[in-house]
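Naming: A, B, ... by sequence-line order, numbering from 1 per chain.
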Amino acid sequence: MKKVLLVAVFAMATAIMYAGGYRVSLQGQKSLAMGHTGVAVVSSESVFFNPASMVYLESRFTASVGASGVFSNVSYQNENTGAFAETDSPMGTPLYAYLSYKATDWLSVGLGVYTPYGSTVEYEDDWAGSHLVNNIDLQAIYIQPTVSIKVNDKLSFGGGPIYVTGSVNFNRNLSRSLTDLDGNRSEVTIDASGVTNWGWTVSTLFSPTENFRIGATYRSEIILEAEDGDATFENIPNSPILPFTNGTVGIDASLPLPAELSVGLSYKFCEKWMFAFDYNRAFWDVYEALVIDFDDETGIPDSVNPRNYKNASTYRFGLEYQATQMFTLRAGYYFDESPVQAGFFAPETPRNDSNGYTAGLTVNIGDHFQVDASFLYLHFKEVDASYDPYNDLITGGQAPFAGTYKSNAFVPGLGITYKL
Amino acid sequence: MGVLAIGFVSCEAEFENPVNEEGFYDSGEADFSQYVSVGNSLTAGYADNALYITGQQNSYPNIMAGQFELVGGGEFTQPLMADNLGGLLLNGTQVAPNRLVLGPGADGALGPQVLAGQPTTEITTSPTGPFNNMGIPGAKSFHLVAPGYGSVAGVPQGLSNPYFARIATSESATVIGDATSQNYTFFSLWIGNNDVLGYATTGGSGVDQTGNLDPSTYASNDITDPQVFASVYNDQVNALTANGADGVLINIPDVTSIPFFTTVPLRAIPLDAATAAALNQQFGLYNTQALPLLVANGIITQEEANARMINFQEGQNYPIVTDDDLTDVTAILEGFLPPEQAALLGQLRQANDSDLIVLTASSVLGSQADPNDPTSIVGVGVPLGEQFVLSAVEQERVATASAAYNATIEGLANANGLAFVDARTALAQVADTGVPYNGGLLTSTFVSGGAFSLDGVHPTPRGYAFTANAIIEAINERYGSTIPGVDIGNYPTFTASNDVAQ
């Protein structure tokens, strides 16, 4: 039986993972297995997906923790030159932990810790696009105290403040050709960690019937402002004609974590089945440019890297089947629209539109424990793209970086839920 | 799940048609598996007046070999120098200078300066060959077939070439012999530049040896006889094609279009009205009496007299120069004038728009020849030396010889069914209009143009990348291959550094 189920699950092979930009939609194995739907579902992952749902959880105490292993690959090639590169990114490990406690019949409180934004991309050093990025590691941890209030059996509200702590490490070469006397490419590493800020989330759940729910969640924009970051220059020729020298200088930089609105529905049918649909709108237009402001005394001009993202939508579909008392099977699909506009395809987040296929299952062990597993295959079409607003450091001329990209990602995930 | 996860790690994002998969690019009729390049400094990757590692890595043959890998090309070995300084040692004594960098001179102004440091490349320590890149800096056409050109013993007397001595398989080896004794399926040959270059860069101070068929009697700055060139070039092509290899022949660019000849302005002497008038007075008798007298006596033509007139004016002026193609009238003038003055006027004229002044004149022109004599300004009170000016007559000799060499090269390419690269036209395009690339315009402007290194003669890596693309294009045309070129914007130009030799 077990074997059959495993086969079934992997034959369905579905899951989600990256949304456009550096949004990483991996906030719960149950939800992920259903195409990362959940805004109108009551589950142990509702702290994130819809805090208003928490109050309808049956158990007095519910805890869910989990992690995913993100294996993402990007290949680049340029047919005009024969240039070729592929990333050798380390496994990303986004994680989550949710607690909810039913204080009274009408009030639940909870805490969520999750990592909705992040990016880890490592190209071979000095590859063809190394003047744009060699490697980047972006992390943001959200900590969210949450309340959920029931108005009546059909309507509830939820929300809470969000505390974010983030870090970024980014390395690129300073130009397409600048080297020191020994031919080592001149490069800069931007590093900022322990960057914090506050945001908030608010949500509602409306259940017109026992089997039909509608939900909405809004999470605010949070701008990570690094005011005491470092920029370390290496392999810089010793000459006054260049604005920088070897060594570390201070920088200011900011990175937006955009607001996201989710609306959706869920519908239970034939006793054992549930269908869910989520629509996400990510307000990426806040990300106009990555600006590195070097400390004034360095005399280094600001580095302005236009991104010009647009708002983007994601359409998510999920299905759940209570196969037995022990097993719950899930599958899903989503279409994720990229916020990257034509001519702004930067290889640090090489995201075109993608299709996510998800699957997973929950195994109930006794009355208190659940093991939640999911798998996501994220498929990107091969795309011809370019990043146009790059100006050569020496000539000042515009030098678009163009080529063909092909990406994919495989994301297995595992979680545990405890109910009391 | 764990097992599956491990499996996913190897799931690369694969293109439908990966460029690095066999068959994406076509090798056409040619076999690029083993490539040998033969030539001079241009083939070696010489730049900034030296041969050094990063320059070699950006040599046009190495760039081409990198692209050949897309069509089955194999490893390409080069006799890499020991460092990035570029100087050469012979038994511990430095015999070739370090590379040039853009650095501060004695007055603090930025210009080409010799990089500081103790070089470590010893001529007598042979790196292990054979080498696919057989570009020997300084080699002329006939040197490639000359036994002993790589003799270490001959280096101190200037009888052999230190770069070849470093890698030659024996004291009596020839460049072409060491090249052709390897296994190769494809070759390139670019030789002949130095057969006119030395003459040109020294302001025509050598001899045009046209008519002299014995190259062993040539001095280093002479122009090689075109028949000698044709003969040795034919031998080289025969040797290189003897094993049935395909290849490409590259012709000789117009050496006078390089920054070495186009950077120093002709009207380099600023004068105010009073100084100009005073100078004109000094040369008054020479202009109005001496020259007409020489014409009247049939010693010089009226045309030459016109060319020898000296006339300064307020503003920027042409310098006075010595021209050894003028009739030497020193002896005659000594009958009328003090010897010093006679010597000054003996082969004197003022520069004109048809002259080219060499880059190395920039530190001499306008300086005081005698630090204690303020009237000894070079170009005004003292003529600019013959070796700094390439006159129209001298340019014509260079052009005539180059045209003859090029006729030979193109003819032999056609006769042997080899690819032919018109480097002359390609370089003319860089010099005349510039060549646009992704992010800039490649021109021959000294330092800033991007094509030429700080010696004003040899290309930068970007210039070599442009050259590689031109050669690849010719190869594709001849052999029906589809080898891609490179993005020349990714290749460096010059390096700036304050670490200059004092």
* Any chance CD of B/Glu122 has more than 12 other-residue heavy atoms, nucleotides or ligands included, within less than 6.0 Å? -> yes
* Asked: Quick one: what part of A/Ser175 sits under 4.5 Å from any heavy atom of chain B, side chain, backbone, both or neither?
  -> neither
* Asked: So which of A/Val74, A/Thr87, A/Asn80 has the largest heavy-atom pair count under 4.5 angstrom toward chain B?
  -> A/Asn80
* Of the backbone (N, CA, C, O) and the side chain (C-beta and beyond), which part of A/Leu178 lies under 4.5 Å from a heavy atom of chain B, both, or neither? -> neither
* Does a sphere of radius 6.0 Å around CG in B/Asp432 hold more than 12 heavy atoms from other residues, nucleotides or ligands, not counting ones at 6.0 Å or beyond? -> yes
* When A/Ala399, A/Gly69, A/Pro237 are compared by non-hydrogen pairs under 4.5 Å with chain B, the top option -> A/Ala399
* **B/Tyr25 versus A/Thr81, closest heavy-atom pair with distance** => OH-C, 4.4 Å
* Would a distance-only check, ignoring hydrogens and angles, find a side-chain to backbone donor-acceptor pair under 3.5 Å from A/Glu382 to B/Phe15? -> no
* Asked: Hey, which of A/Ala128, A/Pro400, A/Gly396 has the most heavy atom pairs under 4.5 Å with chain B?
  -> A/Pro400
* Asked: Hey, are the side chains of B/Arg462 and A/Ser177 touching, using non-hydrogen atoms and a 4.5 Å cut-off?
  -> yes
* Using a heavy-atom distance cut-off of less than 4.5 Å, which residues of residues 433-455 of chain B contact chain A? -> B/Tyr437, B/Asn438, B/Gly439, B/Gly440
* **pair A/Leu181-B/Val101: side-chain heavy atoms closer than 4.5 Å** => yes
* **Proximity breakdown for A/Gln398 and chain B, heavy-atom pairs closer than 4.5 Å** => backbone
* To do: Taking the side chain as every heavy atom from C-beta outward, state whether B/Glu14 and A/Ser75 have any pair of such atoms under 4.5 Å apart.
  => no
* To do: With a 4.5 Å heavy-atom cut-off (strictly below), which parts of residues 102-120 of chain B touch chain A? List them by number.
  => B/Leu102, B/Leu110, B/Leu115
* Give the member of A/Asp182, A/Thr179, A/Thr395 that has the highest number of heavy-atom pairs under 4.5 Å with chain B. => A/Asp182
* **CA sep, side-chain torsions, deciding dist, call: B/Glu12, A/Asn408, side chain to side chain contact (heavy atoms under 4.5 Å, CB included)** => CA-CA 8 Å; B/Glu12 300 302 344; A/Asn408 64 25; over 6 Å; no
* To do: Determine which residues belonging to residues 69-78 of chain B lie within contact range of chain A, meaning some heavy atom pair is under 4.5 Å apart, and list them by number or answer 'none'.
  => B/Leu70
* Please flag which part of B/Gln57 lies under 4.5 Å from any non-hydrogen atom of chain A: side chain, backbone, both or neither. => neither
* To do: Determine the option with the most heavy-atom pairs under 4.5 angstrom with chain A, choosing from B/Asp487, B/Asn20, B/Thr54.
  => B/Asn20
* Asked: A/Asn238 versus chain B, heavy atoms under 4.5 Å apart: side chain, backbone, both or neither?
  -> both
* Region of B/Asn17 that comes under 4.5 Å of a non-hydrogen atom in chain A -> backbone
* To do: Report, as yes or no, whether the 6.0 Å neighbourhood of atom CD on A/Glu122 holds more than 12 heavy atoms from other residues, nucleotides or ligands.
  => yes
* Structure fact -> Okay, A/Phe401 and chain B: the region with an atom under 4.5 Å from a heavy atom over there is neither
* Asked: In terms of heavy-atom proximity below 4.5 Å to chain B, should A/Asn391 be classed as side chain, backbone, both, or neither?
  -> neither
* Please look at A/Glu86 and chain B and tell me whether the side chain, the backbone, both or neither of the residue comes under 4.5 angstrom of a heavy atom of that chain. => side chain
* Contact listing (chain A partner; residues 488-500 of chain B; heavy atom under 4.5 Å) -> B/Gly489, B/Asn490, B/Tyr491, B/Pro492, B/Phe494, B/Thr495, B/Ala496, B/Ser497, B/Asn498, B/Asp499
* To do: Could you look at A/Ala83 and say if it's the side chain, the backbone, both or neither that has a heavy atom under 4.5 Å from chain B?
  => backbone
* Asked: So which part of B/Tyr52 gets closer than 4.5 Å to some heavy atom of chain A, the side chain, the backbone, both or neither?
  -> neither
